[in-house]
Amino acid sequence: HNKEFVERCINHVKENKSLFATSSRLEGMLSVCSQELADGALFYSLPEMSKILKINVPRVATIRSALLHAGYQVSQTHSDPVGLKTNAPSAVLWDIMRCWQLKNPPAKPLEAGSVGYRIMEKKPILEANFVMHPN
């Protein structure tokens, strides 16, 4: 996103609240846009990744912390409240999800041959740190 344009939009909404029926929602959405990582057009959906591994969806803050501890940048995305944008390679994010699944196993074992089973067959290279990161 063009951060300068987004900031101008935020200021316009703040200065003209009466023009917008949902000004607070619009301001919030624009704020998320202004904080989004500029690199990369795609994002990761935690519910979709969790569905593959048959686990409960981890809190965004938990996965965000693991990425920050691993030295990567991360932001939420304006298009999905439980989506993340990161400069981490997908292999790192899957390692983090593997670590989460090992700490929080599914109620039923993964079906042999399923995508989730094949993902979990590979041992994580990265040991995820789920302690809340100060940033």
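Applying the side chain to side chain donor-acceptor pair (under 3.5 Å) test to residues at least two apart or on different chains, the pairs with a partner in residues 96-108 are D95-R98. Identified under the ring-ring contact (aromatic ring centres under 6.0 Å, His included) test for residues 45-64, with sequence neighbours left out: none.
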Going by atom type alone, with no hydrogens or angles, which donor-acceptor pairs under 3.5 Å involve a side-chain atom of residues 42-56 and a protein atom two or more places apart or on another chain?
residue: S45; atom: OG; partner: E48; partner atom: N; Å: 3.4
residue: S50; atom: OG; partner: L46; partner atom: O; Å: 2.8

If you look only at distance, which donor and acceptor atoms sit under 3.5 Å apart when one is on a side chain in residues 109-118 and the other is two or more places apart or in another chain?
residue: S114; atom: OG; partner: E111; partner atom: O; Å: 2.8
residue: S114; atom: OG; partner: Y117; partner atom: N; Å: 3.1
residue: R118; atom: NH1; partner: G113; partner atom: O; Å: 2.5

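N135 meets the side chain to side chain donor-acceptor pair (under 3.5 Å) test with no other residue; sequence neighbours excluded. Take K14 and apply the side chain to side chain donor-acceptor pair (under 3.5 Å) test, not counting sequence neighbours, and it matches no residue.
Minimum heavy-atom separation, Q73 to T86: O-OG1, 2.6 Å. Contact detail for H69 and V131: the closest heavy-atom pair is NE2-O, 2.7 Å. Closest heavy-atom contact between V13 and S23: CG1-O, 3.6 Å. The shortest heavy-atom contact between Q76 and P81 is NE2-O, 3.0 Å. When all heavy atoms are compared, the tightest approach of Y72 to P89 is CE2-CD, 3.6 Å.
Between L67 and H133 there is no side-chain heavy-atom pair separated by less than 4.5 Å. Taking 4.5 Å as the limit, some side-chain heavy atom of P124 sits within range of a side-chain heavy atom of L102.
Note that the CD1 atom of I63 and the CG atom of L93 stand 7.0 Å from one another [nearest 0.5 Å]. With rounding to the nearest 0.5 angstrom, the NZ atom of K123 is 11.0 Å from the SG atom of C99.
The backbone N or O of P58 lies less than 3.5 Å from no partner atom in the side chain of T62, so there is not a single donor-acceptor pair.
Under the 4.5 Å side-chain heavy-atom criterion for grouping Ile, Leu, Val, Met, Phe, Trp and Tyr, V74 is not connected to M132 through any hydrophobic cluster.
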